[in-house]
Amino acid sequence: MINVNPLTIKDAILGLEKGSFRSQDLVESYLLRINKYNKQLHAFITVREEALEEAKLADQERKKGLTRPLLGIPIGVKDNFLTKGVRTTSASRLLDKYIPTYDSTVVARLKRAGAIIIGKTNLDAWGHGSSGEHTDYGFTKNPYDLKRVTGGSSSGSGAAVAASLCLMGTGSDTGGSNRQPGSYCNVVGFKPTYGRVSRYGVISMASSTDSMGTLTKTVWDTAYCLSIIAGHDSFDQTSSTLPVESYHQALTTKWNGKVGIIKEFFEGLDPELATATMNAIRVIERQGNKIVEISLPNVKYAYPMYCLSTFSEISSNLARFDGVRYGNDRGFFADEPRRRMMIGTHSLSTGYRGKFYDKAMKARAILTKDFIQAFEKVDIIAGPVFPFPPFKHGEREIDPLKMYLSDVLTVPASITGQPALSVPIEFVKKLPNGLQLIAPHFGESTLFKVAKIVEEEYQMYKKLPNLK
Amino acid sequence: MKKQPLLTLDQVKHIADLAKLPFTLKETKKFREQLSDILDFAAQIDQMDTKETTNSYLKTIPVNNFREDQIDNSRRLSQSEALSNAARVSKGYFVVKSIFKND
C-alpha cells in the first residue's frame with residue numbers, strides 16, 4: 001500500500017516512471033480508500049474492481065518500455081458521461097440499469113491515454129443542481145465537513161478528488177457544475193471554453209452551454225488533462241477546430257496583465273468570503289498586475305436568461321427518455337428535472353417562445369458582447385464562486401428559486417461560453433473556498449497561468465480533509 | 001396579500017401534457033406555485049432592450065459543419081446492441097405502448 005493522500009497526477013506519473021510504485025499499487029490503495037470512505041461520502045455510484053486487472057496490464061505495458069500520457073492513472077468519471085459496458089445512471093433511478101453501448105469522446109480519449117476508470121462519480125441527477133443533494137444514490141458529503149454539501153452538480157468528482165479516492169474526476173459544467181464543487185471541496189474545478197472539449201456521449205443538459213472539464217488537485221493536473229481531452233471531434237458539430245495547446249508546458253512562462261473585478265459580483269456576499277476573495281486577488285496584484293474595476297449591469301439578468309435558455313434546452317434533451325429504447329419511464333424523473341422541463345416546455349410552446357426562449361437567446365448575445373468588451377480592458381476576470389461558504393444539507397432545499405440563486409456568480413461564464421475555473425484559496429469559517437477566474441474565449445492558457453499564481457501562494461492542495 | 005400565480009392549473013396540466021410528464025393533482029398544485037415563481041423571476045429579462053439584437057451569440061463554433069452522407073461502420077450499433085437497454089423487446093423490435101384503440 002502507498003500513501004496516495006497527498007498525490008497529484010504529476011506526482012503519480014513521476015512515481016510510476018521512476019518505479020517508486022506500480023499502477024497496481026496505486027489502484028489497490030485507491031480501492032482500499034474507496035471501500036473505507038465511500039459509504040460515508042457517496043462520492044461514487046459505481047466502483048470498478050476490474051480496475052485492478054487493468055492496472056496490472058498497464059504495468060506490463062510500462063515494463064515493455066511503452067508509454068502513454070495517463071498510463072495507469074486511476075480516475076473517476078462523472079456518471080453522466082457514457083462509459084461503454086459500464087453502468088451509467090446520471091444519478092437517476094430512471095437509468096438505474098442503463099449500460100451504454102459506446103464511450104463518450106472524453107472517456108475514449110482518456111482511455112486511449114491509458115487512464116484507468118476506477119468508478120462513476122455521483123452528481124445532481126441530469127446535472128440539475130449545485131449542491132450535490134439532488135441524487136437518487138445518496139447525496140455526496142463534503143470531505144471537509146460531513147454535515148455540509150460538496151457543491152454540484154459534479155459533486156462526486158469533487159469529493160472523490162478531495163478525499164484522494166482517485167487522481168482526477170471528469171465533470172460537465174453548464175452553470176457552474178465544475179467550479180462549484182471545486183470551491184466547496186478545495187480542488188481545482190474547471191470549465192473550458194464552449195466547444196473546446198467534445199460533448200459527444202455526455203448526457204445532454206443544455207446543448208448550447210454544456211462544457212466538459214475536470215476536477216483535480218492542482219492547476220498543472222488540470223492543464224495536463226485538458227491537453228489530452230481537448231480538440232475537434234467530428235461526432236460533435238459544435239466542437240472547435242482550433243489547435244490544442246500544450247497547456248501544462250505553457251505554465252512555465254510568466255504572466256502579466258490586468259485583472260478585472262466585476263462590481264456586481266461583489267454585491268450581497270458573505271463578508272468574510274468577500275475579504276478572502278479580495279486577499280487572493282491582491283496576491284495577483286502584488287506580482288505587478290493592475291486591478292481594474294468594471295461594471296456590467298446586465299449581470300443582474302444572467303440568471304433569468306440562463307434559466308430560460310437552459311431549461312428550454314433541457315426540456316428538449318430529456319424528451320428522448322421515453323422508457324422505450326432505454327431506461328425506466330418518465331415517472332421516474334424527480335422534482336427538480338420535472339420543474340426544469342416544465343419551465344422549458346412552457347418557454348418553447350406556441351405563444352410563449354418569442355417572449356421567453358428567443359428573448360433569452362438575444363439577452364445572451366448582449367451579455368456575451370458585454371464580456372467580450374470587458375476583455376478589451378482587462379486580461380482576466382477574478383471573483384467569487386458562491387456568495388456564501390458551504391451550507392449544511394437541507395439548508396437550502398425549501399425554496400427552488402433560492403436554490404438557483406447560488407448560481408448567480410457562475411452562470412455568466414456559462415452564458416458567454418468563456419473558460420473559467422475555481423482555484424482553492426484560504427478557507428472561510430474553516431470551510432473550503434475558491435477564487436473564480438474567467439478568461440476570454442479559448443484563453444485557457446491565461447486562465448491556468450493566473451490560477452497558478454494563486455495556487456503557489458496558498459498551496460491549498462496540502463490541506464487534506466480529516467477523514468475517519 | 002400574495003398575488004395570483006402566473007400560471008393557471010389548466011396551463012400547468014397542458015404543459016405537463018406537452019412535456020409528457022405524469023403529475024398527481026397535489027403535485028400539479030405545488031408545481032403551479034413553484035413554476036409561477038420561477039417564471040415571474042425569469043421574466044425580468046423583459047427589462048432588457050433586445051430590439052437591435054440577433055440571437056447569434058455563440059462565438060466559438062464552426063459554421064455549417066457538414067460531413068459526407070456516408071455510413072461510418074466503426075460507429076454502427078448492431079441490432080442486439082441497439083436493443084440491449086430496451087424495457088421490452090419482441091422479435092428484434094422495440095415494444096411500445098399500444099397506440100390504436102380497438103373499439
Side-chain angles (χ1 to χ4, degrees), chain A residues 97-99 101-102 193-196 208 234-235 237-241 298 300-301 303-305 307-308 315 319 322-331 333 338-339 341-347 349 355-356 358-369 372 400-401 404 416-417 441-442, chain B residues 6-7 11-12 14-23 27 30-35 37-62 64-67 72 74-75 77-78 80-89 94-97:
Chain A
K97 294 186 193 54
Y98 174 60
I99 311 235
T101 49
Y102 61 100
T193 308
Y194 176 81
R196 178 72 291 184
S208 70
S234 59
F235 300 170
Q237 301 292 44
T238 61
S239 70
S240 170
T241 49
N298 286 323
K300 71 169 171 286
Y301 301 113
Y303 202 83
M305 68 178 83
C307 193
L308 292 173
S315 73
D322 51 22
V324 173
R325 296 162 298 160
Y326 36 70
N328 293 311
D329 66 72
R330 292 173 76 75
F333 277 120
R338 287 199 295 174
R339 247 187 309 266
M341 284 189 274
M342 293 287 279
I343 299 275
T345 301
H346 181 63
S347 303
S349 64
K355 175 180 160 75
F356 290 127
D358 289 345
K359 178 96 185 176
M361 292 312 246
K362 290 186 181 162
R364 287 185 67 171
I366 293 174
L367 192 71
T368 304
K369 191 154 149 239
I372 291 175
L401 201 50
Y404 296 152
T416 64
H441 291 109
F442 298 104
Chain B
L6 213 65
L7 299 171
Q11 275 180 304
V12 178
H14 172 64
I15 299 167
D17 188 52
L18 287 177
K20 302 267 178 294
L21 289 170
F23 281 93
E27 287 174 330
K30 179 179 86 176
F31 271 65
R32 181 194 176 194
E33 297 277 334
Q34 293 181 342
L35 298 181
D37 285 344
I38 297 165
L39 284 168
D40 215 14
F41 167 78
Q44 280 181 73
I45 59 169
D46 283 348
Q47 298 165 27
M48 288 182 79
D49 179 6
T50 55
K51 262 196 318 292
E52 298 304 313
T53 319
T54 59
N55 62 8
S56 59
Y57 65 91
L58 280 175
K59 304 286 175 194
T60 67
I61 65 176
N64 291 338
N65 203 6
F66 297 123
R67 65 172 176 84
D72 176 355
S74 68
R75 293 181 67 187
L77 296 180
S78 67
S80 60
E81 279 174 321
L83 295 169
S84 62
N85 284 291
R88 290 189 296 166
V89 172
F94 290 109
V95 176
V96 302
K97 275 193 249 182

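In what follows, chains carry the letters A, B, and so on, assigned in the order in which the sequence lines appear, proteins first and then strands, with residues in each chain numbered from 1. The figures that follow rest on heavy atoms only: side chains count, while hydrogens, waters and symmetry mates do not. These numbers were taken from a predicted model, which means no experiment stands behind them.
Under a 3.5 Å cut-off, the side chain of A/H441 and the backbone N or O of A/T416 do form a donor-acceptor pair. In this structure, the side chain of B/E33 does not engage the main chain of B/K30 through any donor-acceptor pair within 3.5 Å. With hydrogens and angles disregarded, no donor-acceptor distance shorter than 3.5 Å links the side chain of A/R338 to the backbone of B/L21. B/R32 places a side-chain N or O within donor-acceptor distance of the main-chain N or O of B/L7, the cut-off being under 3.5 Å. The backbone N or O of A/D322 sits nowhere less than 3.5 Å from a side-chain atom of B/K20 that would complete a donor-acceptor pair. Checking side-chain atoms of A/R325 against main-chain N and O of B/A82 turns up no donor-acceptor pair under 3.5 Å.
Proximity to chain B (any heavy atom under 4.5 Å) is shown, for A/Y301, by both the backbone and the side chain. Using a 4.5 Å cut-off between heavy atoms, A/A363 touches chain B through backbone and side chain atoms alike. At a 4.5 Å heavy-atom cutoff, the contact between B/F41 and chain A is made by backbone and side-chain atoms alike. With a 4.5 angstrom heavy-atom cutoff, A/S349 touches chain B only via side-chain atoms. Only the side chain of A/L308 comes within less than 4.5 Å of a heavy atom of chain B; its backbone N, CA, C and O stay farther away.
Comparing B/D46, B/L77, B/V95 by how many heavy-atom pairs each has under 4.5 Å with chain A, the most go to B/D46. Of the listed residues A/Y102, A/F333, A/Y303, the one with more heavy-atom pairs under 4.5 angstrom with chain B than any other is A/Y303. In terms of non-hydrogen atom pairs under 4.5 Å with chain A, the most contact-rich of B/R88, B/E81, B/R75 is B/R75. Heavy-atom pairs under 4.5 Å with chain B peak, among A/Y326, A/F356, A/F235, at A/F235.
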> Step by step, would you call A/T193 with A/S240 a side-chain contact (heavy atoms from CB on, under 4.5 Å)?
Replying inline: CA-CA 9 Å; A/T193 308; A/S240 170; over 6 Å; no
